[in-house]
Amino acid sequence: MKMKKNIVKLFLAVFVLSFSSCETLDLDQTENPSTLEKDKLDPVYAFNYIQLTLPDFVNSANSFTQRVTRQMAMTGGNTYNNAFAGVNFNDNWTTGYQILNAVKTMEPRAQQNNQTFILGASKVIRSYVLMTLVDMYGDIPYSEALMGTANLKPKYDKSADVYANIYNELNEAIELLKATGAAGDGLKGRDLYYGGELGTETPSRWITVAKTLKLKMLNNARLVGTIGTYSVLSEASALLSENDLIDSKEEDFEFKYGRNRVNPNSRHPMYNDQYETGGGAYIGNYFIWALTEEKVTVSNSGVPSNVNDPREYYYLHKQTIVSNSTSDQTLPCNDIARPTQFNLDKYNSFYSGLVPAAYCHVEEYLGRDHGDNSGIPNDSDVRAVAGLYPIGGVFLAGASKVQNSGTDGALGEGIMPMLLTSYVHFIKAELQYTIFNNPTTAKVELTKGMETSFDKVLNFRPDYVRDPSTLLLSQTFNPTNKYINFVLDTYDAPGVNQLEVILKEYYLAAWGNGIEPYNNYRRTGYPSNFQPTFQDDPGAFFSTALYSDYSVNNNPNTPPSVRTRRVFWDVAGLDLH
Amino acid sequence: MRSKFKWIFTLLLALSMQFSFAQEKTVTGVVSDETGPLPGANVIVKGTKRGVQTDVDGKYSIQAKSGEVLLFSFIGMNDASITVGASNTVNMVLKSGGMELGEVVVTSQGIKKEKKALGYAVTTIKSEEFASKPSTDVVRALTGKAPGVNIQQTSGLSGSGTNIIIRGYSSITGSNQPLFVVDGVPFNSDTNSDGNFIEGATNASSRFLDLDPNNIESISILKGLSATTLYGSAGSKGVVLVTTKSGNTKDINKKMEVSFSQSLYMTEISDLPDFQNNYGVGNNNDYRTTFGNWGPSFATRGEAGIGFDGTVDHPYGIYGDKVFPQYYTDGIINKVEWKPANNVAPFFRTGIVNTKSVNIGGRAEGTSYNLSVGHTDDQGFIENNQYKRLNLSTGGSTKLSNGFTLSSVLNYVRTDKSAPPTGYGYGSGSVTPSTFATILYTPRNFDLFNLPYEDPLTHESVFYRKDITNPRWILKNSSDDESVRRFYGNFTAVYDINSWSNLSYRLALDNYTQNKKYYINRGSNETPDGYLRTTVNENTVFDHTVSYNFNKELGKNQVWAWDGTVGVNSRQESYDYTALESFVQDVFGFNEHQNYIEHTGYSENQSFNIVGVYASTTLGFKKFLYLNLQGRKDYFSSLQKDNRALFYPSASLSFVPTDAFTVLKNNKWINYTKLRVGYGSSAGFPPAYQTSIGLRQATNVFLPTKGEPINYLSPDSRLGNPDLKPELYTEVEFGIEAKFLDNRLGIDLSLYDKRSTDLIILRDLDPASGFTERYDNIAEVSNKGIELGVSLGLIKPQQADGFAWNLSGTYTKNKNIVEDLGIGVEKIGIAGFTNLGNFAIPGRPYGVILGSSIERDGNGNYIVGTDGNYVVNNKLTEIGDPNADWKSTVINEISYKNITFGFQLEYQQGGDIYSNTANALLSRGVTKDTDFDRNGSYILPGVNPNGNVNQIQIGATEYGFNNSGFFIDEQSVYDATNLRLREISLSYNLPKKFLDRTPFGKISISVVGQNLWYRAFNFPEYLNFDPEVMSLGVGNGQGFDYLTGPTSKRYGFSFNLTF
């Protein structure tokens, strides 16, 4: 009996002690209490993500395209082989597909809610991401992409096929946006691109973007003549005659950054990089040169004089006035002999052989040569930085240091340009010049391209109080008509490569966007006088970007990641450098 | 308590079938061994149920009849018997059962077993090995002492983390750290770092640091899976069983005793590089304020940027005369002499490590108790590095008359640590604040300690370049602090059902709150506005175990012995994490959130349960053959129902030929042999909530110039995997234990082959799938290895206190291969960067280092480019294998009379390390390694792209700066083969005769040094680099030195006293 009593006592004790332990027996705890469940994905919130991540995507594309097109200095290596590796494309590839996945994931709910504005505008963004991926990488996963568990190894579709699908998607987006009506779908999908401060929905603007993106695709594909079953010629004709294309600042496809420095940092990423402390990325000497030195008029007596680009002080800002007598402390290349390939005629000014290729520094700006990977001198507050346009930096003819923790200029309230009015005019100019064989109309578009670029840049951020002396200087010495006339005279001069004149202006207008110049260069080979690499013989140019390490390592269907692959529209067989 | 009673019951049972009719009387006596009375020895009247235990003085009293036989037994002693005669007093002296025969070890679930019955390897480490040592981290003190156990510090800073890996890495992306069990309680030993290695993960303490080495009685390490099966999935990476003095209620061989120990050690950086004093800052022999020291020699005058008077501009001239008017004269920058400065050594100090501990323990009338207090104050070798710990511990056990035995242990720990941030240093500075990122390559001419480190007005950092933060500034203005308040303990009730079985219930609790505070004042280069982050991490483990245990001897003459246990164990692990980050410091130097302008917060909590049902049984035959069978089935709460459970069995066999064959008994040459073979398995579970992933949520991500802040939701980049199931570990183990030559030579050899299948890894996905990663059961890893322990009595003493020299050694070799990563997956990043880190590649050793390499031609020659430098191959190439070929330890112990001298040597063969210390110091030209002729020209061995032998000359700067690993990762990889004097000690025990008239039982004093000498043979000589660092922190990354903190050496003395 005593034994039994004890056992009862024991089990009573165990029971009491285990009372608190019931929770330790619960075996169904698969949902994370600290995250929102998947079915809480409200399309309005997802649309915010899609809109906000697009400029990040473009920025990551820029980090490669601006460097191979000499807008920024390529410093990661002295040959194309060592300047970039698969890891450099992880961000771009990941960001791109995450945008696409967010679009795909929110679509069913948005369809249920009949949120056609969000559906349409997201599709436009999706199409822009996809065409950029194709333009950069060539073949990409499309038909089997974004399937999650159902397919972790999506196959890579031919770039031509993807292009055709994107073209169709843009048509679908237009239909969705047309169905929305002017007021939007009323579900408060805030439009961060065109909605103004109230964030209202603006379907018609997105329709214009979609149509303009179609035109951009047609121009890219003009050498092959078709996108899928669409004829470039007839599609382009239709779009041009309908003329619902981006042709005003209000329609410009761009992301507008804020000026808040921390929590959240809402500024232009290049402002973040160059206007804090410790010095930012170097600007490419070629770009500085093309902007400030390349255009010269030669007087009858043979004296060259600069044709100043009115955008100079908007595009660039110097922290210190650099000259040949600048201390070797900050300008070691002063001491290093100019590489011989820099003296070849083909790298001289397009306009006058009297202007040799840039080397070491240009005018008073400290940039860097293409492929200069030498050590970093003590020059963080000497390097040239981007100016007011498009990053929201300083507008000043003189020098001022900007390593001041983000307190200079327009505080980073810039834009990420994706497809601007001026770009569209240059695209039209190229189409007119090539497939429509109409150099005269091309010249009109070239003129409009320059004019709208000046208008955009010179009137950028009108609320930002400009330094009066610089403003005066840029108006007096850099009159736009002088510049435009010079370009048009060049265009009309005998023996000039007119298409290169157009693309050179596009190149200069595209400052801040590397994607367009990268496409242009591969399609046309212009500008043909890109600065050579500091180290001679850099190897083959990047016909496409490398695939991300993430896809190379994890998807056996990834094609060989070599930079000599070409996009389907790249058929000119150009010798690029 | 279980095992003690098992012995009694075993014997009771064996005798219970017989009867006796003689007249009973009371027999009393004292049971003792060579050293004195034995409390707790068993005295049984053979053939009856009558049995008692000796009391604290070894006395017993029992009813017996003349002619009956009294059986005396005690764990570790040979049994003895005596027939009761006329006398009512029977004293017995028990003899030690020999070194191995009766050795008892603690095994799974705290069950004590005779070592010879085990079919697997268990290494037991006694308190002498880690108590009162310079290392205040008990695990670190075990380094090199157990074969198969790889212990490595992350850095030499006080309170830094420690990595412990048993028998290789068996998981690829999951934790490979063993389970700690303290007095039966699963003890959280996580290393909780708020940031990744870029922010300095080496700074985070490993939570076994909360254990006071002076309060630990012994540590048993269960290495193989056949040993750890009963601990379930938590034990799949090995188990470290810690028995504290407070928890050691089974040790009843003790009168009340007070012990006190005090130790005082110094800690210093293990070594500094030997700097060159001939060349200063510059490039191509010109004076320039570069990072590197490729400038002119200090003898230069009037050229290369050096004035005719041998001066250069004052380095702080760059700040202008408004900031530093004292460095200007009439608006012109002052000059300073062009000469070397002593600018590194003063950065380091000698820290003092002060440890005190008091322990009171004893036993009275079936009740034992223990109280312990420990206090540790451990100062590191740099300013603002300190670790303080207070341990309070109490334990007790009482046996009630109704068959219940109740025992409990309660512990409270308070630790406070501070250290400066130790972010990843890449050789030109750091991304986040980092104390060690630049100090070692301060330009030889920069007089760091005689110049200000901050702007006198703004307190911003000043240095010779504005783009590097002054290391002294970081030391003064930033900190990475950690404080822990921890309670852990257990309550155990055992009820004796009958003489041979009992029912036991144990509740264990381990609960700690870790508060971290990381701040940097405004004014650094990396974080100009200042930053403050505080986090709270509350971690709780609740563990319940109900088990039925039995121990029976079957048949006559104890031919068969049968014991076993059946139990249910449920464990809940949960944590709550809250972080508050603040940006933009307002008033300089004040680090509370209210002094910051911007704030963000984050919180999460998680919890999972594992319920296990287990059984284990051992069948022994004639004490020379033992078969053990075990199995456990675990249920995990964070997997989908169909995949939630896994059953895993194990079996082992132990055979002792020296007991089995008469010819081998009492053999002088072969004293003992045991052969063992075991098969074990275990489960592994993924982290919680991986079958379904919720949304990514972010608020206040963007603020338009006009309008409200924007929030968003999006699908997470991680993909849930509903098919995730437990991973399975299996292992086959074979071993021999033997003693030869009159017990002079002992060996303990284990061979094992461990495999992890269906291994869960966090794999990267092609983002084109929509997701970037998910947990998957796709990998397979194997570990095959040899562990050898040898002991050798080189000189045996003639008398007890004569001259003796004992050698013991360990040898460990482990081959850790990634067998499979699933179809089509070529490699998976384990740790580090995606383009320079540890990777898993099928068929290759675990964690091979991949990075950029030197381009080779078809014949394997290095290709030198047209610029005279090596051409880089940016495709990820295997450039190193961080796994050591083998490791060995030799411990010498020489004693004479009361003096003992000992030293421990450790050798590691192979194992590569990527060293930023090496590449930064070499490419910056600061050590004597680069004190070569700077005017000479150099030709790199290799071929040019055209195939010709390279003959392009390059200057010293290019030779040193471009080819020291700065641009090509392969050039930064070194073989880490090293030999070190881990420990050297001299101790003196006061002779007993001096103590006889004092209340003291024992007084000893020791002088100890740790890591006083080492040599990494394949590193450039003057770096004096100690490769025993892990810059990726505790985890699966190995073989990386990212300038996150050097190692230390410690030396001093300890004093121990008992009364």
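Here is the naming used below: chain letters follow the sequence lines, and residue numbers restart at 1 for every chain. Remember, it's a predicted structure, so these values are computed and weren't measured experimentally.
- Interface remark: of the candidates B:Y689, B:F636, B:F608, B:Y689 forms the most heavy-atom pairs closer than 4.5 Å to chain A.
- B:D723 contributes atom CG, which lies 9.0 Å from atom CG of B:D776 (distance to the nearest 0.5 angstrom).
- Taking the six-membered ring where tryptophan is involved, the planes of B:F583 and B:Y531 are tilted, since the angle between them lies from 30° to 60°.
- Contact tally against chain A (heavy-atom pairs below 4.5 Å) for B:K641, B:E773, B:H599, B:E708: the top residue is B:H599.
- Defined by atom type and a distance below 3.5 Å, a donor-acceptor pair is missing between the side-chain atoms of B:S607 and B:N605.
- In this structure, chain B has a heavy atom under 4.5 Å from the side chain of A:N78, while its backbone stays farther away.
- When all heavy atoms of A:I140 and A:Y97 are compared, the closest pair comes out as CB-OH, 3.6 Å.
- Contact count versus chain A (heavy atoms, under 4.5 Å) is highest, among B:L719, B:V872, B:D467, B:N721, for B:L719.
- With a threshold of 4.5 angstrom between heavy atoms, B:L639 approaches chain A through N, CA, C or O but not through any side-chain atom.
- Listed options A:P556, A:S266, A:G258, A:A150 were ranked by heavy-atom pairs under 4.5 angstrom with chain B; first place goes to A:S266.
- In this structure, NZ in A:K153 is found 14.0 Å from OG in A:S551, a value given to the nearest 0.5 Å.
- With a 4.5 Å cut-off on non-hydrogen atoms, A:E413 touches chain B through its side chain but not through its backbone.
- Only the side chain of B:E855 has a heavy atom closer than 4.5 Å to any heavy atom of chain A.
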Kindly list each side-chain donor-acceptor pair under 3.5 angstrom involving residues 142-149 of chain A, sequence neighbours excluded, with atom names and distances?
unit_1	atom_1	unit_2	atom_2	d
A:Y142	OH	A:E169	OE2	2.4
A:S143	OG	A:D157	OD1	2.8
A:S143	OG	A:D157	OD2	3.1
A:E144	OE1	A:N151	ND2	3.0
A:E144	OE1	A:K155	N	2.9
A:T149	OG1	B:R774	NH1	3.4

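- Between chain B and the residues A:L36, A:T35, A:N555, the most heavy-atom pairs under 4.5 angstrom are made by A:L36.
- For A:K104, no part lies near chain B; criterion is any non-hydrogen pair under 4.5 Å.
- Ionic pairing of A:R461 and A:D463 is present here: one or more N-O contacts between side-chain nitrogen and carboxylate oxygen are shorter than 4.0 angstrom.
- Looking at A:L41, the atoms closer than 4.5 Å to chain B (heavy atoms on both sides) sit in the backbone and in the side chain alike.
- There is no contact between A:N88 and chain B, counting heavy-atom distances below 4.5 Å.
- Contact annotation for A:I376: both backbone and side-chain heavy atoms come within less than 4.5 Å of a heavy atom of chain B.
- If you measure heavy-atom distances from A:S405 to chain B, the contacts under 4.5 Å come from the side chain alone.
- With a threshold of 4.5 angstrom between heavy atoms, B:A688 does not approach chain A through any atom at all.
- Ring orientation note: the planes of A:Y257 and A:F255 are nearly perpendicular, at an angle over 60° on the 30°/60° scale.
- With a 4.5 Å cut-off on non-hydrogen atoms, A:D537 does not touch chain B at all.
- Atom CG in A:L52 sits 10.0 Å away from atom CZ in A:F47 (nearest 0.5 Å).
- No other option in B:E604, B:R644, B:Q606 has as many heavy-atom pairs under 4.5 Å with chain A as B:R644.
- Salt bridge A:D39/A:R109: absent, no basic N to carboxylate O contact under 4.0 Å.
- Taking the six-membered ring where the residue is Trp, A:Y137 and A:W93 present perpendicular rings, their angle passing 60° and hence far from 30°.
- Proximity to chain B is limited to the backbone of A:A83, based on heavy atoms less than 4.5 angstrom apart.
- The contact between B:V701 and chain A is made by backbone and side chain atoms together, counting heavy-atom distances below 4.5 Å.
- Taking chain B as the reference chain and counting heavy-atom pairs below 4.5 Å, the highest number among A:L546, A:L100, A:N557, A:T277 is found for A:T277.
- Within the 4.5 angstrom heavy-atom criterion, only backbone atoms of A:E37 (N, CA, C, O) approach chain B.
- The part of A:T105 that comes within reach of chain B is its side chain, from C-beta onward, which places non-hydrogen atoms under 4.5 angstrom from that chain.
- For chain B, the option among A:N32, A:N373, A:V87 with the highest count of heavy-atom pairs below 4.5 Å is A:N32.
- Looking at B:F833, there are no atoms closer than 4.5 Å to chain A (heavy atoms on both sides), in backbone or side chain.
- Only the side chain of A:P154 comes within contact range of chain B, with heavy atoms under 4.5 Å apart.
- Salt-bridge check for B:R288 with B:D286: passed, with a basic side-chain N closer than 4.0 Å to an acidic carboxylate O.
- Between B:Y712 and A:Y45, the ring center distance fails the sub-6.0 Å criterion.
- With a 4.5 angstrom heavy-atom cutoff, B:I468 does not touch chain A via any of its atoms.
- Taking B:S692, B:G707, B:S852 one by one and counting their heavy-atom pairs under 4.5 Å with chain A, the maximum is reached by B:S692.
- Between chain B and the options A:I50, A:T94, A:N260, the largest number of non-hydrogen pairs under 4.5 Å is found for A:T94.
- Across A:N101, A:N265, A:N378, the residue that shares the most heavy-atom pairs under 4.5 angstrom with chain B is A:N378.
- Of the listed residues (B:T866, B:N284, B:D716, B:N283), the one with the most heavy-atom contacts under 4.5 Å to chain A is B:T866.
- In B:K875, the NZ atom is not crowded: 12 or fewer heavy atoms of neighbouring residues, nucleotides or ligands sit closer than 6.0 Å.
- Side-chain N/O atoms of A:Y49 and B:R696 include a donor and acceptor closer than 3.5 Å.
- A salt bridge between A:R261 and A:E276 is present, with a side-chain N of the basic residue lying under 4.0 Å from a carboxylate O of the acidic one.
- Annotation: the span from A:S548 atom OG to B:D766 atom CG amounts to 7.0 Å, rounded to 0.5 Å.
- In this structure, the portion of A:F84 lying under 4.5 Å from any heavy atom of chain B is its backbone and not its side chain.
- A:D372 contributes atom CG, which lies 10.0 Å from atom CD of A:Q535 (distance to the nearest 0.5 angstrom).
- B:T691 touches chain A through its side chain: at least one heavy atom from C-beta onward sits under 4.5 Å away, while N, CA, C and O do not.
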